[in-house]
Protein chains: 2
Amino acid sequence: MIRNTRQRAAVNAVFDELEGFHSAQEVHARMRAAGDTIGLSTVYRAVQALVDDGELDSIRTDAGEAIYRRCSARHHHHLVCRACGRTEEVEGPTVERWADRVAGEHGFVDVKHTLEIFGTCAACHATAAPTPVDGPARQG
Amino acid sequence: MIRNTRQRAAVNAVFDELEGFHSAQEVHARMRAAGDTIGLSTVYRAVQALVDDGELDSIRTDAGEAIYRRCSARHHHHLVCRACGRTEEVEGPTVERWADRVAGEHGFVDVKHTLEIFGTCAACHATAAPTPVDGPARQG
DNA sequence: GGGGCATGTGAGAACTGTTGTCGACTGACC
DNA sequence: GGTCAGTCGACAACAGTTCTCACATGCCCC
Ligand SMILES: [Mn+2]
Ligand SMILES: [Mn+2]
Ligand SMILES: [Zn+2]
Ligand SMILES: [Zn+2]
């Protein structure tokens, strides 16, 4: 049985205050800095549980780190500024249908997909680029 | 200046004989097993150089491991069977236009994207599922 | 065909993110 | 309150990747 614990609730609460994507390690550091006592393993277990519950969405940086964000319930994708890290949720039936169709044409069933879009947001394009964030290694 | 070395050529050659995606560690093990003497660090450096040159395409498994494949020059995406790991290259203007359009609508410039499709291929769907391969953690 | 030397190599150490271990703890249920 | 499976967290272990640095070797120039 899944039990309600202070730690799980606290991790969940952190994502109420946080915009955008954050790693388990960062969440752990923030909680510790705020006086919360919680183990790193517990943070990892909590974010994974939250992803399983659909509370958080997770993507992986180009460096291989998993980052998490409070996620709206609707299926969507992310548009990420590679300069400032700002993310927008984007969605649309076009790409959903395309993915299902090409998979079906190849005889694949039980189809899911991952899609992330990287670019430079208008603000960052206007000014000089601040601290960069990893985009994809190669356009794929 | 970039120098031509036996090791770099050998890593490149490995991908001529190999279908699908393979990790740096696997390539290293194959080369060692075949009697090639090469260091793991060198394999990592070689595949990275090949990705930079556009000779290889790289994606990251859900477990965070980078895997590499000889890549056709045309822009495309991958349709991966989560049961047997078989991959198909898929492409189409629909999804390209969609990604560029939604990014443009949000004021983003210099846009790239990553897209992978996961499913069960017809062969694996017909038989019982063999050794599974990771798909995405969550449909995104 | 040699020097000279910047570039590349590779064994091993180090580093990163993540997961496993296991004794202590505690929320849920009675 | 008592029971006990689920949970915690310090720590170790692990996997993939990158760094270090002494040694080797392509490449340019003669
Ligand atoms: Mn989608
Ligand atoms: Mn594309
Ligand atoms: Zn930006
Ligand atoms: Zn298959």
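None of the values given here were measured: they were computed from a predicted structure. Order of the sequence lines fixes the chain letters, A, B, ..., with proteins taken first and strands second; residue numbering starts at 1 for each chain.
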Under the salt bridge (Lys or Arg N to Asp or Glu O under 4.0 Å) test against B:Glu55, which residue among B:Arg8, B:Arg69, B:Arg70 passes?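 Of the listed residues B:Arg8, B:Arg69, B:Arg70, the salt bridge (Lys or Arg N to Asp or Glu O under 4.0 Å) partner of B:Glu55 is B:Arg70.
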Starting at atom [atom1] of [X], determine the distance to atom [atom2] of [N], rounded to an integer number of angstrom.
X       : N      : atom1 : atom2 : result
A:Met1  : C:dC30 : CE    : C1'   : 12 Å
B:Glu65 : C:dT16 : CD    : C1'   : 15 Å
B:His28 : D:dA15 : NE2   : C1'   : 16 Å
A:Asp62 : D:dG16 : CG    : P     : 18 Å
A:Asp36 : D:dC8  : CG    : C1'   : 14 Å
A:Ile38 : C:dC25 : CD1   : C1'   : 15 Å
A:Arg60 : D:dT17 : CZ    : P     : 11 Å

Can you tell me if A:Glu89 and A:His76 form a side-chain donor-acceptor pair at under 3.5 Å? yes
If you measure only the distance, is there a donor-acceptor pair under 3.5 Å linking the side chains of B:His75 and B:Glu96?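 Result is yes, a qualifying pair exists.
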First encountered from the 5' end of DNA chain D, between B:Asn4 and B:Leu40: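 Its nearest nucleotide lies further toward 5', so the answer is B:Leu40.
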Taking for each residue the nucleotide of DNA chain D with the nearest heavy atom, is it B:Arg6 or B:Gln48 whose nucleotide lies nearer the 5' end? B:Gln48
Ignoring the backbone of B:Ile2, work out which of D:dG26, C:dG8, C:dA28 is nearest its side chain. C:dG8
Closest non-hydrogen atoms of A:Asp57 and A:Phe21, given as atom of the first, atom of the second and distance, are O-CE2, 4.1 Å
Check this one for me: any side-chain N or O of [X] less than 4.0 Å away from OP1 or OP2 of [N]?
X       : N      : answer
A:Gln25 : C:dT16 : no
A:Tyr44 : C:dT19 : no
A:Arg32 : D:dA10 : yes
A:Thr42 : D:dG9  : yes
A:Thr5  : C:dT26 : no

Is there a path of hydrophobic side-chain contacts, each under 4.5 Å between heavy atoms, that joins B:Phe108 and B:Val102?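 Hydrophobic grouping puts B:Phe108 with B:Val102.
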Is a donor-acceptor contact shorter than 3.5 angstrom present between the side chain of B:Arg45 and the base of C:dG10? yes
Whether the side chain of A:Arg3 and the base of C:dT26 hold a donor-acceptor pair under 3.5 Å is what I'd like checked. yes
Checking all strands, does B:Ala24 fall into the base, sugar-phosphate, or nothing category for heavy-atom contacts under 4.0 angstrom? nothing
Scan B:Thr37 against the nucleic acid and name what it touches under 4.0 Å (heavy atoms): base, sugar-phosphate only, or nothing. sugar-phosphate
Let me know, please, whether B:Ser41 or B:Gln7 comes out on the 5' side of the other along DNA chain C by nearest nucleotide.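 It is B:Gln7 whose nearest nucleotide is closer to the 5' end.
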